[in-house]
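Right, one structure below, let's go through it.
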2 protein chains.
Amino acid sequence: MRLYSYWRSTTSYRVRIALHLKGVAFETAPVNLMRGEQAEAAYARLNPSQGVPALVLDDGTVLTQSIAILDWLEETHPTPPLLPAGAPARAHTRAAALVIATDIHPVNNLRVVARLGQLGLDAAVRTAWMNDWMTRGFHAFARMIMADTAFSFGDAPTLADVCLVPQLYNARRWGCDLAPFARLTEIEARCLALPGFAAARPELQPDAT
Amino acid sequence: MRLYSYWRSTTSYRVRIALHLKGVAFETAPVNLMRGEQAEAAYARLNPSQGVPALVLDDGTVLTQSIAILDWLEETHPTPPLLPAGAPARAHTRAAALVIATDIHPVNNLRVVARLGQLGLDAAVRTAWMNDWMTRGFHAFARMIMADTAFSFGDAPTLADVCLVPQLYNARRWGCDLAPFARLTEIEARCLALPGFAAARPELQPDAT
């Protein structure tokens, strides 16, 4: 399969982690968001949302939206599982992942921040915007996960960790103060020590500059 | 079970629809977003994200994040199904739902629009902000769903429709031009003719004003 992605995109990073953790072979098709390639006609036909990632299966089926792709991966490649057993535990894991996927990331999306600039808000205001939503989301995330476990929900990574690690990468890019979130950065370090997370790091991707 | 919700909240509306469609009895606990009740200490303990909805099960388990709640409902109350059979079809249905749940709603969330006001952007700019993200998202949604089916993905409603109908309700509140989206408003009309959707309408909720 082929993953259309951008090296620094946190949603692409989520899907890369899951593919590597589950041992699914894929090739990377870079989409340069800085040059606007996501809006070019050929890509927009592939993904009407004009965003990354998109995963094209060997039979040509196109999957979009990182959370939907992660659910598809979980259904079709269940080992190792990225969701725990039991409906309530699964719901809690998904909810933490969605704090990042709905409360933080969309508001901080490249196109949203670009719009703020078009509306006359300067760089300092845009940076504060980014960091305020991240700080608020990380506080909620930290209160929703388990205490004293190696990962967010136990002794193996789940979808919550798959969403957390890319968001912390983005947080550092924007200078977000992570000092209040030692629990989260400790989990991050454990994740990045695993080969699946390590191989998905942005700086290792073919389009990294 | 008890649903903490606000009558006009589109995420609350999604969960109400699914509960009614699946015939799950629940009581409504209103959280008045206009009075800031979602940030009060007792509620923030229940939902660290300080948003609605939250679903409290009879054993006291608290579920948050509407998409996670919808997944939990699908797992625990599978009839009638709100996801089709087959992993690719499920992924396509989820992706359309997530266009609304990640590309439209979070950027238009009450707290985000309030922040725009605090940054000095006036009402006309805020309204354009709302409508631009909705228009862009509805165009993507319309290209992702099936053509010539009664609902977004076939002859029964799915999670895509459960997310679409509340977003169209919100679109009308903000004066969004829906003329380009006849396919979507036709689906909406078919949905609202079903008792489950009809019972979930905002104006029928106990906290409606």
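Every chain is numbered from 1 and lettered A, B, ... according to where its sequence line falls, protein lines coming before strand lines.
- Both the backbone and the side chain of T102(A) come within contact range of chain B, each with at least one heavy atom under 4.5 Å from a heavy atom of that chain.
- Interface check for chain B: of the options V107(A), T93(A), N109(A), N47(A), the most heavy-atom pairs under 4.5 Å are formed by V107(A).
- The closest side-chain heavy-atom distance from Q205(A) to S5(A) is not below 4.5 Å.
- The ring of H105(A) has its center no closer than 6.0 angstrom to the ring center of W133(A).
- From I17(B), atom CD1 reaches atom CZ of R201(B) across 10.0 Å, with rounding to the nearest 0.5 Å.
- When N108(B), I69(B), I104(B), D132(B) are compared by the number of non-hydrogen pairs under 4.5 Å with chain A, D132(B) comes out ahead.
- Ranked by non-hydrogen atom pairs under 4.5 Å with chain A, the options A96(B), P48(B), A142(B), S49(B) are led by P48(B).
- Applying a 4.5 Å heavy-atom cutoff, the residues of residues 58-67 of chain A that approach chain B are T61(A), V62(A), L63(A), T64(A), Q65(A), I67(A).
- Between Y4(B) atom OH and T28(B) atom OG1 the span is 11.5 Å, to the nearest 0.5 Å.
- For a residue to count as touching a neighbouring chain, one of its non-hydrogen atoms must lie under 4.5 Å from one of that chain's; by this rule V99(B) touches chain A with backbone and side chain alike.
- Annotation: side chain of L33(B) is in contact with side chain of V52(B) (closest heavy-atom distance under 4.5 Å).
- Looking at V125(A), only its side chain comes within 4.5 Å of chain B, counting heavy atoms on both sides.
- With a 4.5 Å cut-off on side-chain heavy atoms, R16(B) and P202(B) count as touching.
- Counting only N and O atoms by type, the side chains of R183(A) and T149(A) include a donor and acceptor under 3.5 Å apart.
- Here the OG1 atom belonging to T135(B) is positioned 11.0 Å from the CE atom belonging to M130(B), to the nearest 0.5 angstrom.
- Looking only at side-chain heavy atoms (C-beta outward), M134(B) and N131(B) come within less than 4.5 Å of each other.
- The contact between A101(B) and chain A is made entirely by backbone atoms, counting heavy-atom distances below 4.5 Å.
- Taking CD of Q167(B) as the reference point, atom OH of Y13(B) lies at 11.5 Å (rounded to 0.5 Å).
- Put simply, CD on E74(B) and NZ on K22(B) are 3.5 Å apart, with the number rounded to the nearest 0.5 Å.
- Of all residues spanning residues 113-124 of chain B, those with a heavy atom less than 4.5 Å away from chain A's heavy atoms are R115(B), L116(B), L119(B), L121(B), arranged by number.
- One finds the CZ atom of R35(A) at 8.5 Å from the CD atom of E40(A) (value rounded to the nearest 0.5 Å).
- Interface remark: of the candidates R90(A), Q50(A), R111(A), R111(A) forms the most heavy-atom pairs closer than 4.5 Å to chain B.
- For the 3.5 Å distance criterion, the side chains of R94(B) and T158(B) fail to qualify, holding no donor opposite an acceptor.
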